[in-house]
Amino acid sequence: MTSNLNHPALSDDRLPPRPTRLDDEARRAREQRDAQVRGVASIAGMREAIVETARNLPLVTEVPRLGKLDAAAFRARAAAGLPFLVTGVVGRWPLCALTPNALRERFGTVPVRARVGDYVNTAFAPDRAMRDMPMRDYLDLSTAPGDLPPYVGNLELRELNALCHWPGYFDKMGPPRFWLGPARTVTPLHCDYDDNIFAQIWGRKRIFLAPPHHGEFLYTREANPVLFGSPFDPEAPDYERFPLARQAALVEVIVKPGDMLYVPAGWYHQVRALSFSLSANRWARAVPFALRNDPASAATVGRLDTSAG
C-alpha cells in the first residue's frame, strides 16, 4: 500500500454514511422495512421459499449467453430461477465508450470509498477498513503493487449512472451500484436475496455461481437478512476445512465488456476481476421472479402485493 492511505479521510456528503453494527431492535426494524419494500410479510419466509424452490432446479453446467431481450422475454426466462447472460444491451451505453483516462479527466474529483487491507476476510463486517478519496487518487492507488489491490465496490456514483441506460426488467429497482478496480480485486462468495442484473462495462471478470439450496454446503453466515456470506473460496478450495463444499454445484462464467448477467435471488456468487474493470449492478426490490408463479412459495412468503411485476 502507498502513503495515500495515511491521508485524512475525504469528507463529502455525496458518500453514504459508513456502515455500523445494528443492535437487535434496529436489526428487526430494518428487516421489517426490507419486507415491506419487497411486498412480503417476512424476509425469513422469502429466504425459505427461495431455497425450497431451488431444490427443483436442474443442475447448471454452464451459463447460457442470450441475445438482447425485451422486458417480457427477460421475465419469462428469469421465472425459471436460473442465471443467464444477456448481450446487446450494455455495450450501447455511453459509459462503455469512456476510457480510464477520460474517467480521470471528467470525474477525477468525484468522491469514492475504497475497500483496503484484507477486505476479503472482513467482507461482511460493517467495520471493515475503507478509505474515502477523490476518484483520481483511487485510480493512482489502484496501480500500486500488492496481492489485493484497493477496491471501489457497491457504491452509488450518480455521475457515472447518467451514462447508463438500464433496461426495464424490474418493476422496482434499487439504486445502481458501481464496482471499479484492477485485476485481482475480488468480492468473496455470498448471496443476496434479491434478483440482480450485473453489467460489465470494462474488463473481464470470473464469476462462480452456486444455487440457493447449496448454501447448506457452504458454511454460510448471515451478514444481514438479505445477505449471507461464505468463507469457502471456489478458486482455492480448502476441503479439509470445508468438506461439505465438495457437494456444492459451482459453475464458472467469464463476463466480458457489454455482458449483462442475471443472478437470481439467493444464488451464491464470487467475483474476481481478471483485468482492470468497471461494473455496475442493480437489485430488484420485489418478490423474486422464481417465486411469483408458485402457489406453495406464495404461502411461505406471505406476499402483501401479489400483483407486483
Side-chain angles (χ1 to χ4, degrees), residues 38 60 62-100 102-103 106-107 152-181 185 187 191-209 251-292 308-309:
R38 289 157 182 81
V60 175
E62 65 176 353
V63 176
R65 182 177 292 271
L66 310 176
K68 185 178 179 181
L69 301 177
D70 62 20
F74 177 92
R75 295 176 189 198
R77 183 87 189 200
L82 299 171
F84 56 88
L85 280 163
V86 177
T87 61
V89 176
V90 177
R92 302 182 180 188
W93 294 359
L95 184 57
C96 292
L98 212 63
T99 65
L103 186 71
R106 291 182 56 180
F107 303 108
V152 168
N154 198 15
L155 194 66
E156 288 186 57
L157 295 172
R158 294 180 179 86
E159 295 85 352
L160 300 191
N161 192 53
L163 302 176
C164 301
H165 302 308
W166 293 92
Y169 292 153
F170 302 151
D171 290 324
K172 291 174 63 179
M173 288 192 285
R177 302 286 182 159
F178 287 86
W179 309 77
L180 175 67
T185 49
T187 300
C191 81
D192 311 284
Y193 281 96
D194 286 310
D195 288 332
N196 181 12
I197 48 175
F198 178 92
Q200 188 65 10
I201 296 160
W202 304 335
R204 298 163 64 247
K205 286 186 171 178
R206 176 190 294 121
I207 301 180
F208 286 90
L209 296 155
V251 60
E252 178 183 347
V253 60
I254 304 296
V255 294
K256 305 171 185 177
D259 285 346
M260 177 172 280
L261 176 65
Y262 171 62
V263 182
W267 275 72
Y268 287 84
H269 48 291
Q270 177 162 302
V271 184
R272 180 182 293 276
L274 301 178
S275 58
F276 191 88
S277 291
L278 175 62
S279 315
N281 83 293
R282 296 186 81 168
W283 286 285
R285 294 293 186 258
V287 176
F289 284 119
L291 302 183
R292 296 190 184 188

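Because only heavy atoms are used, hydrogens play no part in the values below, and waters and symmetry mates are left out as well, while side chains stay in. Note that this is a predicted model, so its numbers are computed, not measured.
Within a 6.0 Å sphere centred on CZ of R65, heavy atoms belonging to other residues, nucleotides or ligands number more than 12.
Within the 4.5 Å cutoff, the side chain of I207 has heavy atoms near those of the L209 side chain. The closest side-chain heavy-atom distance from L180 to L103 is below 4.5 Å. The shortest side-chain heavy-atom distance between P175 and R158 does not fall under the 4.5 Å cut-off. Using a 4.5 Å cut-off on side-chain heavy atoms (C-beta onward), L98 and L163 make contact.
Interatomic distance, CD1 of I254 versus CZ of R204, reported as 5.5 Å (0.5 Å rounding). Residue L66 holds its CG atom at 12.5 Å from OH of Y262, rounded to the nearest 0.5 Å. The SG atom of C191 lies 12.0 Å from the CH2 atom of W267; values are rounded to the nearest 0.5 Å. Here the NZ atom belonging to K205 is positioned 11.5 Å from the CG atom belonging to L261, to the nearest 0.5 angstrom. The distance from the CE atom of M173 to the CG atom of N196 is 11.5 Å, given to the nearest 0.5 Å. Note that CD1 of I197 is 8.5 Å distant from CG of N281, once rounded to the nearest 0.5 Å.
Of all heavy-atom pairs between V271 and F198, the closest is CG1-CZ, 4.5 Å. For P257 against I201, the heavy-atom pair with the smallest separation is CB-O, 3.8 Å. When every heavy atom of G88 is checked against every heavy atom of K68, the shortest pair comes out as O-CD, 3.6 Å. A pairwise comparison of heavy atoms in W179 and G153 identifies CE3-CA, 3.4 Å as the closest pair. Taking each heavy atom of W283 and R285 in turn, the nearest pair found is CB-NH1, 2.9 Å. Shown here for E62 and P64, the closest heavy-atom pair between the two residues is O-CD, 3.6 Å.
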*Take K256 and T87, measure what side chain to side chain contact (heavy atoms under 4.5 Å, CB included) needs, and give me the verdict at the end.*
CA-CA 10 Å; K256 305 171 185 177; T87 61; over 6 Å; no
_Before you tell me yes or no, could you show the steps for E159 and F178 under side chain to side chain contact (heavy atoms under 4.5 Å, CB included), namely the whole-Å CA-CA distance, both residues' side-chain angles and the distance that decides it to 0.1 Å?_
CA-CA 11 Å; E159 295 85 352; F178 287 86; over 6 Å; no
*List the steps, then state whether side chain to side chain contact (heavy atoms under 4.5 Å, CB included) holds for D192 with H269.*
CA-CA 9 Å; D192 311 284; H269 48 291; 3.2 Å; yes
*Residues F208, Y268; criterion side chain to side chain contact (heavy atoms under 4.5 Å, CB included); working and verdict*: CA-CA 8 Å; F208 286 90; Y268 287 84; over 6 Å; no
*Can you list the steps and then say if D195 with R75 is a salt bridge (charged side-chain N to carboxylate O under 4.0 Å, His left out)?*
CA-CA 11 Å; D195 288 332; R75 295 176 189 198; over 6 Å; no
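Between the W93 side chain and the N161 main chain, no donor and acceptor come within less than 3.5 Å of each other. R206 places no side-chain N or O within 3.5 Å of a backbone atom of E252 that could act as its donor or acceptor partner.
Between Y169 and F74, the two ring planes are parallel [angle under 30°; tilted spans 30° to 60°].
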